[in-house]
**Student:** 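Okay, handing you the structure first.
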Amino acid sequence: MLSKTIQEAINKQIKVEADSSQIYLAMASWAEVQGFEGISAFMYKQSDEERMHMLKLVKYANQRGGEAEIPAVIHPVLDCSSFKALFTQLYEHEVMVSTSINELVHVSLEERDYATHNFLQWYVSEQIEEEATARTILDKINLIGDDKGGLYLFDNDMKSFSGNGNGAQ
Ligand code: FEO
């Protein structure tokens with residue numbers, strides 16, 4: 001049985017993951033409209049992954065005798081002035097998600113809920129990977145700058161990132 005404190009903390013994380021899914025969906029749609037197929041496919045996949053992160057928490061809370069709270073859908077407000085701006089937001093968002101996961105891990109220890117602590121280790125590993133991927137992409141974008149040819153090649157690169165399962169999860 002989950003304590004009230006853990007239940008509330010998990011529900012907070014459910015919202016973080018749901019918001020992430022919406023934010024990446026907005027990024028995917030924007031990139032698609034701009035004609036960047038690879039970036040768009042990567043972002044759509046990211047959005048699906050975030051929904052999976054959310055669902056995993058929902059099911060966990062319910063299985064442990066809690067009750068997941070399903071949050072309202074947000075309308076993401078993004079700075080789409082450049083790819084650099086876009087991917088900076090992606091990176092900063094992942095850093096925020098990591099902080100949020102760490103906070104949840106901390107609460108699980110405070111509550112002596114070792115099952116939840118164990119369950120959350122998957123998210124801890126996942127965030128290391130997600131941050132690293134976002135950082136790699138941002139580094140590449142910083143190298144390319146506004147160079148159209150570079151962006152074209154980068155978009156092509158992103159097709160393999162989103163297609164072979166080696167991208168951010
Ligand atoms: Fe579910 Fe990208 O963190």
**Student:** Does a sphere of radius 6.0 Å around NZ in K84 hold more than 12 heavy atoms from other residues, nucleotides or ligands, not counting ones at 6.0 Å or beyond?
**Tutor:** no

**Student:** So, the side chain of D155 versus the backbone of E37: is there a donor-acceptor pair under 3.5 Å, distance only?
**Tutor:** yes

**Student:** So which atom in L25 and which in S47 form the shortest heavy-atom distance, rounded to 0.1 Å?
**Tutor:**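 Reported closest heavy-atom pair: CB-OG, 3.6 Å.
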
**Student:** Using residues 134-141 as the side-chain source, report each donor-acceptor pair under 3.5 Å to any protein atom, sequence neighbours left out, with the distance given to one decimal.
**Tutor:**
unit_1	atom_1	unit_2	atom_2	d
R135	NE	D139	OD1	3.4
R135	NH2	D139	OD1	3.3
T136	OG1	A132	O	2.8

**Student:** Minimum heavy-atom separation for I6 and S108, please, with both atom names.
**Tutor:** CD1-CA, 3.5 Å

**Student:** Could you check whether the rings of H53 and Y123 sit parallel, tilted or perpendicular, using 30° and 60° as the cut-offs?
**Tutor:** perpendicular

**Student:** Where do E69 and N11 come nearest, in terms of heavy atoms and distance?
**Tutor:**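 Shortest heavy-atom separation between E69 and N11 comes out as N-OD1, 2.9 Å.
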
**Student:** Going by atom types only, do S20 and R51 share a side-chain donor-acceptor pair under 3.5 Å?
**Tutor:** no

**Student:** Taking the side chain as every heavy atom from C-beta outward, state whether F154 and I39 have any pair of such atoms under 4.5 Å apart.
**Tutor:**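 Yes, side chains in contact.
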
**Student:** Distance check, rounded to the nearest 0.5 Å: K4 atom NZ versus E111 atom CD?
**Tutor:** 11.0 Å

**Student:** Please answer: with hydrophobic residues joined when any side-chain heavy atoms are less than 4.5 Å apart, are V73 and L55 in the same cluster?
**Tutor:**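 No; tracing contacts between hydrophobic side chains, which count when under 4.5 Å, never links both residues.
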
**Student:** Looking only at side-chain N and O atoms, does K159 offer a donor or acceptor that is under 3.5 Å from a partner on N156?
**Tutor:** yes

**Student:** With side-chain hydrogen bond (donor to acceptor under 3.5 Å, both in side chains) as the test, would you mind laying out the steps for S98 and Q127 before giving the verdict?
**Tutor:** CA-CA 6 Å; S98 295; Q127 277 316 117; 3.1 Å; yes

**Student:** Rounded to the nearest 0.5 Å, what's the gap from NE2 on H117 to CG on L120? Could you check?
**Tutor:**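 The NE2 atom of H117 sits 7.5 Å away from the CG atom of L120.
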
**Student:** For F83, give me all partners under ring-ring contact (aromatic ring centres under 6.0 Å, His included), at least two apart in sequence or on another chain.
**Tutor:**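 Partners of F83 under the ring-ring contact (aromatic ring centres under 6.0 Å, His included) test: W30, F36.
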
**Student:** Would you say L86 and I74 are hydrophobically clustered, going by side-chain heavy atoms of ILVMFWY under 4.5 Å?
**Tutor:**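 As far as the 4.5 Å side-chain criterion goes, I74 and L86 are connected within one cluster.
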
**Student:** Which distance, rounded to the nearest 0.5 Å, do you find between the CD of E103 and the CD of Q13?
**Tutor:** 10.0 Å

**Student:** Side chains of H106 and E110: is there a donor and an acceptor less than 3.5 Å apart?
**Tutor:** yes

**Student:** How long is the span from the CD atom in Q7 to the CG atom in L2, to the nearest 0.5 Å?
**Tutor:** 5.5 Å

**Student:** Supply the atom-to-atom distance T116 OG1 to F119 CZ, rounded to the nearest 0.5 angstrom.
**Tutor:**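 Between T116 OG1 and F119 CZ, I get 8.0 Å after rounding to 0.5 Å.
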
**Student:** Please say yes or no: joined through hydrophobic side-chain contacts below 4.5 Å, possibly via intermediate residues, are Y44 and M52 part of one cluster?
**Tutor:**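 No, separate clusters.
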
**Student:** Would you check, one step at a time, whether the test side chain to side chain contact (heavy atoms under 4.5 Å, CB included) holds for D157 with F42?
**Tutor:** CA-CA 10 Å; D157 266 12; F42 172 79; over 6 Å; no

**Student:** Carefully, step by step, assess Q22 and E50 under the rule side chain to side chain contact (heavy atoms under 4.5 Å, CB included).
**Tutor:** CA-CA 9 Å; Q22 278 297 104; E50 298 301 350; over 6 Å; no

**Student:** Could you state the interatomic distance from CD (E131) to CD (E92), rounded to the nearest 0.5 Å?
**Tutor:** 11.5 Å

**Student:** Verify the cluster assignment for L109 and I101: are they in a single hydrophobic cluster under the rule of side-chain heavy atoms below 4.5 Å apart?
**Tutor:** no

**Student:** Of all heavy-atom pairs between I144 and L151, which one has the smallest distance, and what is that distance?
**Tutor:**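 Closest approach of I144 to L151: CG2-N, 3.6 Å.
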
**Student:** State whether the number of non-hydrogen atoms from other residues, nucleotides or ligands found under 6.0 Å of K15 atom NZ is greater than 12.
**Tutor:**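 Check passes, neighbour count above 12.
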
**Student:** Measure across L90 and M43 and return the closest heavy-atom pair with its distance rounded to 0.1 Å.
**Tutor:** CD1-CE, 3.6 Å

**Student:** Check whether any side-chain N or O of S21 sits under 3.5 Å from a backbone N or O of E17 as a donor-acceptor pair, and report yes or no.
**Tutor:**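 Side chain of S21 to backbone of E17, a donor-acceptor pair under 3.5 Å: no, none is there.
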
**Student:** Spell out, yes or no, whether I128 and V97 are grouped together once hydrophobic residues are joined by side-chain heavy atoms under 4.5 Å, including indirect joins.
**Tutor:** no

**Student:** What are the two closest non-hydrogen atoms of A68 and N62, and how far apart are they?
**Tutor:** N-OD1, 2.9 Å

**Student:** So do Y24 and E49 actually touch side chain to side chain, heavy atoms under 4.5 Å?
**Tutor:**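 In short, these two side chains do not touch, never coming nearer than 4.5 Å.
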
**Student:** Is a side-chain donor or acceptor of D79 paired with a backbone partner of A85 at a separation under 3.5 angstrom?
**Tutor:** no

**Student:** Within the side chain of Y60, is there an N or O that forms a donor-acceptor pair under 3.5 Å with the backbone of I10?
**Tutor:**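 No; judged by distance alone, with no hydrogens or angles, the pair does not exist.
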
**Student:** Quick check: does any side chain N or O of S100 sit under 3.5 Å from a backbone N or O of M96, one acting as donor and the other as acceptor?
**Tutor:** no

**Student:** Just wondering, more than 12 heavy atoms not from E67 lying within 6.0 Å of its CD?
**Tutor:** no

